[in-house]
Amino acid sequence: MCSDVHLPTMHDSEKRMTAFVDSMNFAKPDFIIELGDFGIPKEEYAPYFAIWNSFQGPKYHVIGNHEMDGGTTLEQAIAYREMQNSYYSFEQNGFHFIVLDGNDKQFPDQKGYRSFMGNEQLIWLKNELEQSNDPIVIFSHQGIGTDPGTPGERYSIYNAEDVRKILEEHNSSGKSNKVVACFNGHTHHDFAEDLNGIWYVTINSMAYTWLGENYEYIRYGEEVDKNFKWIKFTAPYKDPLFTVVEISTEGYIKMSGKYSSYVGPSPWDLGYPEHLKQFVKPQITERYMPFWLDQ
């Protein structure tokens, strides 16, 4: 699993993608998945998509908000990835996996980035939960857990509480086809929480922490900065971050850790808010997360 690759932002995206796919071809997981903000369907990024597609096994995409950058439509983003829809499900080794899309419009004339799951999708989700015979794992780009971030900024979808209520009501039925975990990206945080028996796990970006214009710093030199104009607003990770996750019907989730360092000064060297230290770090933390299928 990886998230927030952001192909257009980084000058070394080819190296990062190659490291991920080479590692996964060696590890031979049942499937790979990226949790959104991968890249747009543009000719110059085709080689990076080809690296992803070289994985020798099943592979899945989640639609992030940056998939529609540069005037790309949702339909174009879906078609380029050969997806049938932006939300879908699949079965694997005794689990039912659900991929959700957090980019629905909250109101009809909404412009810009979205962070919402509309009624049509939620009706579909309820049906998926009811029809499943197996424990359920959910993937999305924007989170449906709580917001651990900065005051005044929202990271989870706007109707996260409504979606969590759907999941918890399903789990209260006493059946073994419970929702056990929800994985998301989007925030470039390293974070996990157990809310009413469901794990909500935020997977860190493969590439960097986004800092913004107030923390501008040129890290790779003038030539790179000229050709990749967004890097100076980030704190890049020296090594690409990704993880291998083992989910067992015996009632546990094991997530491998991966640890790196910042290229150049850390966010804290530049005065980034100290309260975010517990979430903002150049790592994916190794975790063991138990769950129970019986009430």
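Both backbone and side-chain heavy atoms feed into the values below; hydrogens, waters and symmetry mates do not. Bear in mind the structure is a predicted one, so any value in this text is a computation, not a measurement. Just so you know, residue 1 is the first one in the sequence shown, and it goes up from there.
In this structure, the side chains of Y262 and T209 come closer than 4.5 Å at one or more pairs of heavy atoms. Two residues are said to be in side-chain contact when any heavy atoms from C-beta on lie closer than 4.5 Å; V201 and M289 meet this criterion. No side-chain heavy atom of F228 sits less than 4.5 Å from a side-chain heavy atom of M10. Looking at heavy atoms from C-beta onward, I40 lies out of side-chain contact with E67 at the 4.5 angstrom threshold.
No donor-acceptor distance shorter than 3.5 angstrom exists from the side chain of S205 to the backbone of H188, with no hydrogens or angles considered.
Classified by interplanar angle (parallel below 30°, tilted 30° to 60°, perpendicular above 60°), the ring pair F242/F20 is perpendicular.
Under the ring pair (Phe, Tyr, Trp, His ring centres under 6.0 Å) rule, F191 has a single partner from Y200, W199, F279, which is F279.
Under the 6.0 Å distance and 45° angle rule, K254 counts as a cation-pi partner of Y252.
Pairing each heavy atom of Q76 with each of G71, the nearest pair is OE1-O, 4.0 Å. Residues Y155 and S115 come closest through the heavy atom pair O-OG, 4.2 Å.
Ring to ring, H61 and W52 are close: their centroids are under 6.0 angstrom apart. Taking the six-membered ring wherever Trp is involved, the centroid distance between the rings of F31 and Y60 falls below 6.0 Å.
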